[in-house]
Each structure stands twice: as C-alpha cells, then as structure tokens.
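Quick notes on the structure that follows.
Each chain gets a letter, A, B and so on, in the order its sequence line appears, and its residues count up from 1.
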Protein chains: 2
Amino acid sequence: MRDVAALAGVSLKTVSRVVNNEAGVSTDVRTRVERAIGQLGYQHNLAASTLRRSDGRSNTVGVLLQDVSNSFSAGMLRALEDAARERDVAILASSLDEEPDREHSLVGSLIRRRVDGLVMMPTTQRQDYLADELRSGLPVVFVDRGPKGVDADSVVVDNRAGALLATTHMLEHGHRRIAYLGDLNRISTAAARRAGYRQAHKDAGVPLDPALEVGDLRGDTDAREAMDRLLDLDDPPTAVFAARNSLAIGAVQSLRARGLAHRVALVGFDDFPLADLLDPPLTVVRQDVRRIGTEVARLLFARIDGDDAPPRHVVIEPVLVVRGSGEIAP
Amino acid sequence: MRDVAALAGVSLKTVSRVVNNEAGVSTDVRTRVERAIGQLGYQHNLAASTLRRSDGRSNTVGVLLQDVSNSFSAGMLRALEDAARERDVAILASSLDEEPDREHSLVGSLIRRRVDGLVMMPTTQRQDYLADELRSGLPVVFVDRGPKGVDADSVVVDNRAGALLATTHMLEHGHRRIAYLGDLNRISTAAARRAGYRQAHKDAGVPLDPALEVGDLRGDTDAREAMDRLLDLDDPPTAVFAARNSLAIGAVQSLRARGLAHRVALVGFDDFPLADLLDPPLTVVRQDVRRIGTEVARLLFARIDGDDAPPRHVVIEPVLVVRGSGEIAP
DNA sequence: TTGAAAGCGCTACCAT
DNA sequence: ATGGTAGCGCTTTCAA
C-alpha cells in the first residue's frame, strides 16, 4: 500500500480511501491510484484491515457440520454460501463426524480466527463452553439440533412430529410390527424421533416391541446389519422406520439383498437425491434443507448486523413425501 | 495479551512464547501465564499473529469447487479437509457453478484473505489472470480440469480413457447406436469425454451418428429432456453414455418414465451414492474422489512447505464399475 | 479533498 | 529464561 501511495504520489490514507470505496477522493486522484494498483499488482490485505478496523469484522463465518460430504450438511452449506456471497462473506467449513472433541477444538480455532459468526450442528451434549463467547456477543446459530446448557438462536425441524408422521403412515397402512432404526442415542434429534415413533404406537393403541427398536447405529453398514438381524427374527417386522438417510440406505441394501424390497414397507427420515429413483421409490419425511439454510442465514446475519433481541428458535415442520416404499401392505 | 501479561506479571513476549508453545519458558511461569489466560478467557488473535509472522502464514487454504452440494465436489472437499485438519489448516470453500466471473472474484477474495494455497476446479477457459500470483509463489493445485494459459500442479482423471472404456463396453455388448449426453461443450473434461466416445466408435469401426450426440447439457433436467427426444427418434439409440453423474440421473428418469430402464443400456461417468441401489444398478466409470482429494492435498501442502519443483500433473485412471445397466443387450 | 501520526494485536530481533 | 522495542499493513482520528 505504501508503494502504491508512492507511485501515485498520494498518501497512504488516500489509497485506503480508494481501496475501500470511501467518498472524498477526486476522480483524478482515484484514477491515478487505481492505475498504480494495477501496475504493482497490489492486493489489499484483509487481515491487516480487520485488525485495525473499529468493528473488527473479518467478513468470515465458521460453519461446523456433521459431515460436509453428506447431502444434508452439504445442502446446508450451499444455502448458507448463497446468502453469504451477497455480503461478500467467506465461509470456513468443517466436519465434526459426531466427535465432541473436534467440536471443541474447531470452535476454538474459529474464534482465534475471529469469525464474525458461527453456525453449528452440535455433537456435544451441552455447549456451556460457549457461554463466554455468547455473552460477549458472538453470533451463533444452532442448526438441526438446538443448544443445550446455553441459549442461542436455532433452526431445527420438529423431529418428533416427523417421526410420528412416518410411523402413523405405516400404522394406517395396517402394519402392526414396525421396526425402528435410529442414530446414536445421545443425539437429541435421535431421541425425539424415537419418541415420535413410540407416540404413534400409543396413539394407535398398538403395543411396542422392544426387540424391534434398534438405536446407536452409526451409518449404512450398521443399519444394514441391524436390518438383517431384524429380518431373521421369528416374528420379523413388516415395516421399518429408518430415522436418518444413511440408515434408510442400509435398510434398502438389506431388503434388496433378500428380495424383500417390495414386501417390507420402509419410510426414511431425511430426503436425499435419487430417493425417488429407487425401486420402490423411497417414501421419506423431508426436511427442507434449503429453507433451513435460508433461515439460518437470516438469523446469523441479523445478529451480525447488531440484532440483540432474545434468542429465536425456528422450528420447521417436516412433510411426508409419499413415493411407494412406505405404502406397501403388511 | 497485554492483560494476560499484566495479570501473570510477565512481559508480552513471554505470553507469546507460551501461546506459541515455544521453548525457553520455565514451568512455573508457563503455569502462571496459562492460569491468567484461563481467568481472562483470552483467545489468541490469529490474524494479528499472521500479520506479524515472518512467513505470513494464515493456516488457511481456499477451495473453489463446482458446487459444494454435489457429491463429487463435496467428496473432494471432505478429503481435503481431512488432510488439512492434521496441520490445523482451515478451509474456505466456495461454489463456482460454472460461472467464470465468480471464479475471478472469488480468487481475488481469497488472495485478499492471504490464503496459504488454493485448490480450484476452474470454470474459466484460461487462467492467465493467475500468472502474477503463481510467479510470486502462491501454491495452486488444479483439480478435475487442468490449467490453461498458465502452468501449475494438477490432478485430473483420464477423461478420454474413461469415456473410451464406457463406450467400448457397450459396443462389445453389441450396441451400434449409442447416444452421448454431454456437459457444457466449453468444459475441457466434456470435450475429452466426447473424444473418447468417438474414439471408441472409430476403434470398433462403428460409424457415428451426429443425431445421437447431445452436448451443452447443464444438469439432470436438460439430460432428461434430451433423452426423451433421443428416444422419440425413428431409429432410437439402444444404449447411452452419460458423461456426468447428473446427466446419468436425467437419463434414468427418462428411461424409467418410459419403462425402458431394463431395455436401454446406460453407463454413467462419475459414481455417486446409491448408484448401486438403482434398478437396474447403474454401471459407471468411477473417478476415485478420495484418492483425487488425497493427491491434491499432497501436492498443495508440499508446495506450502516450500517445494519448488516444476509443476506436477497427476493423472488418475478411472475404472469401469460393472453393475447391470451397462450390460443390457441391444 | 488530502495527509500525518498513532495504534490494532501480535512476533522478530536483540539485549539482558 | 525473560524482556524491550520496532514494525507487520492497515484504518482511525484529527488537522490542514
């Protein structure tokens, strides 16, 4: 910047004015400075700028997702990116893989980088460790799973209602033995989905069979094995509710391998690309990822812009997408 | 940091030593400083640190992909992330959506943020605009598509060979009318895949029919419509080579809607989740995304570590994954 | 409209 | 083993 100033024959401050598009620079001087910038290939240093600025804005936000390569996280990231781009805000993205330690260390890393805000799909049980940052005004929006131990903005879907929807749908189609495939039990959304599954049975007056409830499944491989075991029972389920997309995939693999894909009903939680091209097409409870992402961005940027109202909790209602697999009769 | 120093009764420099884990601090002093840090909730400011450091490292790299929500880009991002995490390097990720203007502006934004390196899946025809940065030593690794107009490291798959593989496979199964569904023609990988498709015909002595070659398709919707039109021809194709994953999906939609999924052969380029669960399971040419990502990371971090050998160009051979859809007889 | 000087939070360098 | 001082590249403040 000093070189640019020298070449253009102006002061540092004037170059700064040009670079930041501030008023109070004559067209003539502006042109001279811009030419000098071009000649020297000067690139403004945003880190130095941030350091000195009174607001300390880095124009960067951090996003901690479950796994940037899974379709739900990736869709979220994309929706956020679109909102961020309009403001010329960059996104630091990371995957947590349900590892609490990683959440702690990545949050620290983002704070050391002075992000203007944080979006997180938490994997820890409680986020008390964020209390200091929240109090000092760091904008944080929780997504998919609400905050525990602290209060902050959040955007979640009504997991219980979604599970109730899915399970009731199969009960109404006459199923009485519906299996449940669930995520790691400690994850709050998994608990809510399980509660919805049970509620549906209660509402319909159908007894639950604990042998049909399998939790703590990490991914499609786990789900496939669990499904295999369920189908080997003396009195196997005639329907399955898979409480996450990867678990539904594992279930499909198992059913397909045994030629039961058209015999056992299946409803998944969380839509994914190609679910409609499976055979039978997969009936799912859909969480509108783009809508969630848009809401998250709205909350986050409002906070960044100084909104200091009490935390807001947005709940998005999931919808049942009927495609075929969930309508198979017992 | 000043406050920490005051509270611990040491100098600024000593706090800096503790924070950076430098040697030459007694255990006693270190403990005192750490306690002060804890009491004050002090968080090191990485931007200020970067500014002052002699190497100017930001421990941040920029990644420009086609679209972070598509499985190929997302897989790349994830592989890179895993390599970056080991070094405590953060990732700024963005989507280009095949828009050249966005590439220019995002590269600028990343340079202003002083990233230590850049990974890009370019969407521009030429990247001469990067010449200055490359000359001044910015590590850049091109992925999926090689650099044009400048020289830099790259990791690409052998697109021509992959297309040759796919097309020959169907020719060997007796097909003589194989359609081609291709990406935007200006994209170099699309051109290479088309060349492979043609080469296969030439090798087999099978004449090409221009009516069966459709390029400039943007996504599954385009592909579906193109496929519909092809199937409406008087002499429709008995097989299809879809040169990108989203195009294969469009083709499947069209075939499925007409009940031809088991009648017309289909091979896609680029594997994706669930391709094996379609009916029939989709035969594809697979590019090993994780392997590509790992190679990219290896090249990038070697450059960041000071490697100044001439640019390296890694070519990954794609493999044919036979699953069913590509083996349908004419 | 333009500029000079101070200082953001930190690390390099040299001294003790 | 510890500290003082200068200065990274920029913006702020105030003066001209």
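Where L51(A) and D55(A) each meet DNA chain D at their nearest nucleotide, the meeting point lying more 5' is that of L51(A).
Contacts between residues 39-48 of chain A and DNA chain C, defined by a heavy-atom separation under 4.0 Å, are absent.
Computed from coordinates, the R2(A) CZ to dA4(C) P distance equals 14 Å when rounded to whole Å. One interatomic measurement links the two molecules: CZ of R52(B) to P of dC10(D), which rounds to 15 Å at whole-angstrom precision. Rounded to a whole Å, the CE atom of M1(B) is 12 Å from the C1' atom of dG3(D). Going from atom NZ of K13(A) over to atom P of dC14(D) covers 13 Å, rounded to whole Å. R57(A) places its CZ atom 16 Å from the C1' atom of dT11(D), with the value rounded to the nearest Å. Here dG3(D) presents its C1' atom at 13 Å from CZ of R32(B), a figure rounded to the nearest Å. Between the P atom of dG7(C) and the CG atom of L12(A) lies a distance of 17 Å, rounded to the nearest Å. Between the P atom of dT2(D) and the CD atom of E22(B) lies a distance of 13 Å, rounded to the nearest Å.
Once rounded to the nearest 0.5 Å, the distance linking CZ of R113(A) with CG of N59(B) reads 6.0 Å. We find the OG-CE distance between S95(B) and M121(B) to be 10.0 Å, quoted to the nearest 0.5 Å. For the atom pair R85(A) CZ and L106(B) CG, the distance stands at 6.5 Å (nearest 0.5 Å).
One N or O donor and one acceptor, one from the side chain of R17(A) and one from the base of dG3(C), sit under 3.5 Å apart.
When side chains are defined from C-beta on, M76(B) does not count as touching R290(B), because their heavy atoms never get closer than 4.5 Å.
A sub-4.0 Å separation between OP1 or OP2 of dT2(C) and a side-chain N or O of S26(A) is present. The phosphate of dG4(D) has neither OP1 nor OP2 within less than 4.0 Å of any side-chain N or O from S11(B). Taking side-chain N and O atoms only, T14(A) has no distance below 4.0 Å to OP1 or OP2 of dT2(C). For the pair S16(B) and dT11(C), the criterion of a side-chain N or O lying under 4.0 Å from OP1 or OP2 is met.
Using a 4.0 Å heavy-atom cutoff across all strands shown, V10(B) reaches sugar-phosphate atoms only and no base atom.
A salt bridge links D183(A) with R244(A): the distance from a Lys NZ or Arg NE/NH1/NH2 to an Asp or Glu carboxylate oxygen falls below 4.0 Å.
Of the possible polar contacts, none joining the R78(B) side chain to the G293(B) backbone as a donor-acceptor pair under 3.5 Å is found.
Tested against D153(B) for a side-chain hydrogen bond (donor to acceptor under 3.5 Å, both in side chains), the candidates H313(B), R303(B), R298(B) yield a single pass: R303(B).
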